[in-house]
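What follows is a set of notes on a single structure, which appears directly below.
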Amino acid sequence: MELKIKKSELVDLIGKTQNIVEKRNTMPILVNVLLEAKNNKIKVYATDLEVSITDEVECKVGTEGKVAVDAKQLFQIVKELNDEGLIQLKSKDNNWLIVQQGKAVFNLVGKNPEEYPIFPTYSSDQFVRIKASVMKEMIEKTIYSVSTDETRYHLNGVFFEQIKNGSKTQYRMVATDGHRLSLVDRETGYSDEQAVKFEKGVIIPRKGLSEISKILESNMDDVEFTVEGPQLILRHNNTVLMIRLIEGKYPNFLQLIPKSLSRNVLASRNELIQSLKRVSLLSNKKSKGVTLSFANGVMSITSNNPELGDAKEEIQVNYEGEEIKIGFNARYLLDILNSFNEDEVEIELNDQLSPGLFRPKQDNKYTCIVMPMRI
């Protein structure tokens with residue numbers, strides 16, 4: 001293999017693989033990316049057997065071929081090369097890769113490309129378009145609630161399903177770790193005829209969601225996706241991301257959403273965020289517990305840690321009703337509030353033992369539930 005390529009294009013190409021390859025993988029070959037030069041293009045493959053990515057860019061190919069090389073080492077070298085001047089990549093018969101730009105020459109130990117695992121493929125051409133901004137927003141509003149408990153594997157991802165709303169098609173994402181739940185519904189922006197028909201919802205793992213977000217970061221266009229067997233496939237231009245879905249039955253999350261709550265509070269999102277940040281400084285370092293008290297248009301936020309001290313702050317809210325006190329994990333509340341875009345937050349409560357419901361005032365399609373704590 002021998003080719004020449006611009007630094008910016010090679011950095012972008014290899015950069016997309018960095019969070020997929022893992023040093024601690026049980027298969028040493030998977031810390032490498034597979035590079036293939038063919039038809040005046042360089043194509044990169046990376047996988048951890050759960051999440052896989054392929055991408056390609058045009059370049060000047062002198063000799064076609066393949067090589068597998070350490071992904072992070074190659075990325076670090078290419079990043080430090082000059083912005084001007086082409087980079088030359090050349091593989092040797094012993095699977096070494098030479099990286100050269102001007103007088104800078106690096107010889108990297110490679111692997112036999114034939115050792116690289118069989119890469120996932122797909123055959124479906126039934127893809128649906130969705131606005132990148134919509135999918136990115138849905139992920140941001142749910143991923144923080146994904147469980148990290150490996151014993152509850154079916155909760156280690158976001159539940160993704162298609163729902164009907166009259167004549168319109170919507171998509172729903174839901175995540176819960178047993179202590180909190182986030183649910184968001186959004187329209188695709190396209191007609192029903194273009195919608196992927198899910199027979200059932202699917203569970204997308206956290207790592208797959210993170211990689212989708214990275215692809216969407218600088219993309220204001222549409223992306224395409226489909227579900228084929230145990231995989232979700234996302235396409236944008238030449239980039240193809242293939243994610244192995246989590247098997248298992250997702251819990252009936254609708255049962256976890258309280259239907260009738262007797263107390264309603266309207267608060268400033270920014271004031272609440274700042275107060276929680278300050279007061280939680282003296283909360284228990286592990287539980288991050290704070291107490292919210294509501295009475296006569298005032299919310300009092302308090303924390304108490306025998307080893308550090310205590311804190312209290314009051315903010316004005318719109319609340320009329322009997323006084324109520326309830327404990328929450330401050331970090332959970334901050335995760336929720338930081339995912340809101342609106343200025344005002346609606347809080348609905350029943351009593352100190354029942355879950356609290358949080359949502360942006362202007363967005364009833366986004367709902368967050370938090371279980372209370374005993375303070």
Side-chain angles (χ1 to χ4, degrees), residues 1-3 5 7-38 41-57 59 64-81 87-101 104-122 143 146 148 150 153 156-157 204-215 217 230-234 238-246:
M1 182 187 85
E2 184 175 358
L3 61 89
I5 186 172
K7 175 191 171 178
S8 59
E9 293 182 340
L10 187 56
V11 165
D12 182 61
L13 190 69
I14 306 300
K16 292 176 181 177
T17 70
Q18 294 303 292
N19 291 304
I20 293 178
V21 296
E22 292 183 359
K23 287 290 185 185
R24 293 175 294 177
N25 205 295
T26 53
M27 292 178 63
I29 188 69
L30 295 183
V31 304
N32 297 275
V33 289
L34 179 65
L35 303 177
E36 181 180 21
K38 190 176 182 180
K41 291 181 179 179
I42 178 172
K43 190 166 186 175
V44 65
Y45 301 82
T47 183
D48 66 354
L49 304 183
E50 300 280 341
V51 180
S52 307
I53 192 170
T54 67
D55 201 357
E56 64 182 25
V57 293
C59 62
E64 296 185 349
K66 296 180 182 179
V67 66
V69 66
D70 188 290
K72 296 192 184 301
Q73 202 69 58
L74 178 60
F75 184 62
Q76 289 170 354
I77 289 170
V78 173
K79 269 202 315 181
E80 297 304 323
L81 294 175
I87 296 172
Q88 183 181 41
L89 301 181
K90 184 178 180 180
S91 62
K92 298 181 180 179
D93 291 339
N94 58 3
N95 296 315
W96 282 56
L97 178 68
I98 302 170
V99 182
Q100 183 172 358
Q101 186 191 55
V105 181
F106 301 85
N107 292 288
L108 294 177
V109 176
K111 296 286 186 181
N112 185 341
E114 301 305 320
E115 295 179 19
Y116 210 78
I118 297 173
F119 209 75
T121 58
Y122 65 93
I143 194 170
V146 171
T148 56
E150 295 296 333
Y153 187 60
N156 292 165
I204 309 172
R206 176 197 287 270
K207 184 172 180 178
L209 291 161
S210 297
E211 293 307 312
I212 292 174
S213 289
K214 290 183 177 68
I215 290 175
E217 269 177 11
Q231 289 189 122
L232 182 139
I233 301 105
L234 185 103
N238 293 323
T239 306
V240 179
L241 189 67
M242 289 167 281
I243 301 164
R244 193 166 80 184
L245 299 167
I246 294 175

[X] (side chain) donor-acceptor with [Y] (main chain) under 3.5 angstrom:
| X | Y | value |
| --- | --- | --- |
| E80 | Q76 | no |
| S91 | M1 | yes |
| D12 | E9 | no |

Taking side chain as C-beta onward, heavy atoms only, is [X] less than 4.5 Å from [Y]?
| X | Y | result |
| --- | --- | --- |
| I5 | V57 | yes |
| F119 | T54 | yes |
| E36 | Y45 | yes |
| V99 | L108 | yes |
| V51 | M242 | no |
| P113 | L34 | yes |
| P117 | L30 | yes |
| D55 | T17 | no |

Does a sphere of radius 6.0 Å around [atom1] in [X] hold more than 12 heavy atoms from other residues, nucleotides or ligands, not counting ones at 6.0 Å or beyond?
| X | atom1 | value |
| --- | --- | --- |
| K72 | NZ | yes |
| K16 | NZ | yes |
| K7 | NZ | yes |

Take K41 and E56, measure what salt bridge (Lys or Arg N to Asp or Glu O under 4.0 Å) needs, and give me the verdict at the end. CA-CA 7 Å; K41 291 181 179 179; E56 64 182 25; 3.3 Å; yes
Rounded distance [0.5 Å steps], [atom1] in [X] versus [atom2] in [Y]:
| X | Y | atom1 | atom2 | result |
| --- | --- | --- | --- | --- |
| L89 | F106 | CG | CZ | 12.0 Å |
| L241 | I53 | CG | CD1 | 5.5 Å |
| L3 | L10 | CG | CG | 8.0 Å |
| K66 | N112 | NZ | CG | 10.5 Å |
| K111 | L97 | NZ | CG | 14.0 Å |
| I204 | N156 | CD1 | CG | 14.0 Å |

Passes side-chain contact (heavy atoms from CB on, under 4.5 Å), V11 versus L13? Steps please. CA-CA 5 Å; V11 165; L13 190 69; over 6 Å; no
What's the shortest heavy-atom distance between [X] and [Y], and which atoms?
| X | Y | answer |
| --- | --- | --- |
| I42 | C59 | N-SG, 3.6 Å |
| N107 | K92 | OD1-NZ, 3.9 Å |
| A46 | V33 | CB-CG1, 4.0 Å |
| A104 | L81 | CB-CD2, 4.3 Å |
| P205 | L245 | CD-CA, 4.3 Å |
| Y116 | N32 | OH-O, 3.2 Å |

Can you see whether Q231 engages Y122 through a side-chain donor-acceptor pair at a distance of less than 3.5 angstrom?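 No.
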Is there a donor-acceptor contact under 3.5 Å linking the side chains of E2 and Q88?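 Distance-only check passes for E2 and Q88.
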Between V78 and Q101, does the side-chain contact (heavy atoms from CB on, under 4.5 Å) criterion hold? Intermediate values first, please. CA-CA 10 Å; V78 173; Q101 186 191 55; over 6 Å; no
Full working for side-chain contact (heavy atoms from CB on, under 4.5 Å) between N19 and E211: CA-CA 8 Å; N19 291 304; E211 293 307 312; 3.1 Å; yes
For K207 and D48: C-alpha separation, side-chain torsions, deciding distance, then whether salt bridge (Lys or Arg N to Asp or Glu O under 4.0 Å) applies. CA-CA 11 Å; K207 184 172 180 178; D48 66 354; 2.6 Å; yes
Please lay out, stage by stage, how L234 and V240 fare under the test side-chain contact (heavy atoms from CB on, under 4.5 Å). CA-CA 6 Å; L234 185 103; V240 179; over 6 Å; no
